[in-house]
Structure formats: C-alpha cells, structure tokens
Novice: 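Right, I'll just put the structure down here and ask away after.
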Amino acid sequence: MITHPRFALVRGLPRSFAQALSQEKPIEPIQLELALLQHELYTKTLADCVDELIEIEADEAHPDCCFVEDTVIVVEHKAIITRIGAPSRQAESQRVRATLESLQKTHPYLTLHSLEAPAQLDGGDVLQIGGKVFVGLSKRSNQAAVEQLARILPGRVFAIPVTHGLHLKSLLSAVDAETLLVADSPAGHAMAAEIVKAFGSQPPRCLYVPDAVAANVLRVGSTLIIQEGFPRSEKMLAELAEEKGLQLRKLTMSELIKADGALTCCSVLF
Ligand code: CIR
C-alpha cells in the first residue's frame, strides 16, 4: 500500500444503486438519497487528502459501479485491470481502463496490464502491505488470477483463503506497512495468521476490532478514515490514530454497507 497516494480514483454512485448486488437482502431497503450523500461526503473527504482526485461519472447500467476498487489494482507504477468475479459487473472496467490510458499520456511511467480469462479478481480481495500483495481466494477471485498476478508482480503475491464474507478486505485492511487491522472473529484471526506467516520474523502488528465492518479503513496520507457508528471499534481506532499521529475522519457508510460496500471499495489510491 502507499500511505501517501497522489491520486484517488472514484466513480459516481448511480441512481440505479438500489439494485446493487448484495449477499443478503438488507433488512431496511437502500435509501438512495442518503447513499448519494454518503458517497459525496466520501469523495469530498478523499479530495481533501490527495493531490488529484480522478472522478469517473456513474454508469446507470451498472448499479455497483461506485465500487471502483474492484476494477483495478495499482502496485507502484503497474496498474492491473482485474476481471471482476460477478459477470454483471465485468464491463465496469472498460471506462476505468480508458481513464487510465488517458492518464498515461501525462504520466508515462504508469504501465497498464490486464488479467485474462479464466482469471477472476475483485480488487476488494487484494491487500497490499509491507511490499507484499495478498490475494483472497473468495467467491469472486480465483487461483488463475493469483497465477497471472504473480507473473506481473514476481515474488510478491500470496494467496489467502477467504472463508467468510465477500472479500479479503471485508474483514481486514492495512493502516501502514506495520499495522494490520482485523475483525475480531474466527475468520479474521485465520486470515491474519496466514498474512503474518508470509512475513517470517518481522510481521505486521495485528489490531483486532470488535465490529467486522470497522476493520475496513482507509489510510490516506496523514489521515485515517474510519466508519462512524461502531463505538467500541471507533474508540480503539481513535487511540491508534493518536499513537501514530494521524488525523481521524469518520464517515457513515450505512447505505453502502447494505450493498456489501465499505471504505476501501469506493476508491483506488495510487
Ligand atoms: C458486489 O457485490 O460486487 C458489490 N455490491 C459490493 C462490492 C464491494 N467491493 C469491495 O469491497 N471492494
């Protein structure tokens, strides 16, 4: 992960968002106007934290298009267009690719790569920490993607089984190269143990939070963005931010959570 990204890529939340995919039908239906507001605040917060915000407009034909994290991963100067696991979402990548091709004109150091069938990968399954790239083997991402990624990023890719939740990062995220935030649940502990093992003698420290969704945070420069509404986890994260000298910003994501979204899902930082 890059703790001080220059760019944040985001994509608008479409008015068709109420039809977004979800593992379980939410108890309360998605409130569209509130979702739009939450996404707007998210975008504004990121704009405050990076040099350049790249904003792609929403695509009404793709209710999940705001979850732009799934379409591309960027590791240093390599941008790798994924092949999203849900067939109904695969075309979301086209506009993201066009945007990155256009960015390449002014930033030629950026190289573009693509995963090809039979690979399937959602960016939500990719965790970057301490120079390593962990790939969740989930309902959405497969071994072929791990193998193709390992050819693009030699020696850096490690597969992690995801037994619970949608994605690897549904239960964990990186605060910095030394700190992994993890849901305090059996699946969270199991995945963290696999990640720690890959580091050998100098593993990151794992901080376990009681609320699974609160384990998904965004570190952007000197800011730590966390989810509002989970008081026990918020207290722990406030202490962590203070210890690291980071500014804490809280965002409510209640309507995006209903479509299995979280903080990392709605941007690509590079
Ligand atoms: C989906 O099921 O694909 C979307 N409703 C949620 C995607 C969340 N993306 C992410 O965590 N990176």
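All ligand and atom numbering here is 1-based and tracks the order in the structure. For reference, positions follow the sequence shown, starting with 1.
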Novice: What distance separates K44 NZ from L53 CG, expressed to the nearest 0.5 Å?
Specialist: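 K44 atom NZ to L53 atom CG measures 12.0 Å (nearest 0.5 Å).
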Novice: Nearest 0.5 Å, what's the CG-CD distance between L251 and Q38?
Specialist: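 Between atom CG of L251 and atom CD of Q38 there are 9.0 Å.
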Novice: Would you say A259 and ligand 1 have an N/O pair spaced under 3.5 Å apart?
Specialist: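 Indeed, backbone or side chain, A259 has an N or O that close.
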Novice: Could you check which of R89, Q23, R140 puts a non-hydrogen atom nearest to atom 2 (O) of ligand 1?
Specialist: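 Heavy atom nearest to atom 2 (O) of ligand 1 belongs to R140.
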Novice: Applying ring-ring contact (aromatic ring centres under 6.0 Å, His included), name anything that partners F7, two or more places apart in sequence or on another chain.
Specialist: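 Residues passing ring-ring contact (aromatic ring centres under 6.0 Å, His included) with F7: H107, F270.
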Novice: Heavy-atom pairs closer than 4.0 Å: do any link ligand 1 to the side chain of D64, the backbone, both, or neither?
Specialist: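 The part of D64 near ligand 1 is the side chain, not the backbone.
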Novice: Identify, for atom 12 (N) of ligand 1, the protein heavy atom at the shortest distance, and state residue, atom and that distance.
Specialist: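 Here the closest protein heavy atom is E69 OE1, 2.7 Å.
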Novice: Please report the interatomic distance SG(C265) to CG(L218), rounded to the nearest 0.5 Å.
Specialist: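 It comes to 9.0 Å.
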Novice: Considering only non-hydrogen protein atoms, determine which one is nearest to atom 9 (N) of ligand 1 and report residue, atom name and distance to 0.1 Å.
Specialist: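 Closest protein heavy atom to atom 9 (N) of ligand 1: D70 OD2, 2.9 Å.
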Novice: Check for me whether D122 has a heavy atom closer than 4.0 Å to any atom of ligand 1.
Specialist: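 Checking ligand 1 against D122, which is what was asked, there is no heavy-atom contact under 4.0 Å.
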Novice: Quick one: does L21 get an N or O within less than 3.5 Å of an N or O on ligand 1?
Specialist: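 Such a contact does occur with ligand 1.
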Novice: Hey, does the Lys NZ or Arg CZ of K132 hover above the aromatic six-ring of F199, less than 6.0 Å from the centre and inside 45° of the axis?
Specialist: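 Yes.
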Novice: Suppose I only count heavy atoms of G124 and a 4.0 Å limit; which atoms of ligand 1 are within that range?
Specialist: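 Under 4.0 Å from G124, ligand 1 has these atoms: 12 (N).
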Novice: Numbering the atoms of ligand 1 from 1, which are under 4.0 Å from a heavy atom of D260?
Specialist: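 Selected atoms, number and element: 6 (C), 8 (C).
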Novice: Looking at non-hydrogen atoms alone, which of C265, C66, S267 comes nearest to atom 10 (C) of ligand 1?
Specialist: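 Heavy atom nearest to atom 10 (C) of ligand 1 belongs to C265.
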Novice: Would you call D125-K169 a salt bridge at under 4.0 Å N-O?
Specialist: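 No, D125 and K169 are not salt-bridged.
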Novice: May I have the list of side-chain donor-acceptor pairs in residues 12-20 shorter than 3.5 Å, sequence neighbours left out?
Specialist:
unit_1, atom_1, unit_2, atom_2, d
R15, NH2, E33, OE2, 2.6
S16, OG, E60, O, 2.8
S16, OG, E60, OE1, 3.4

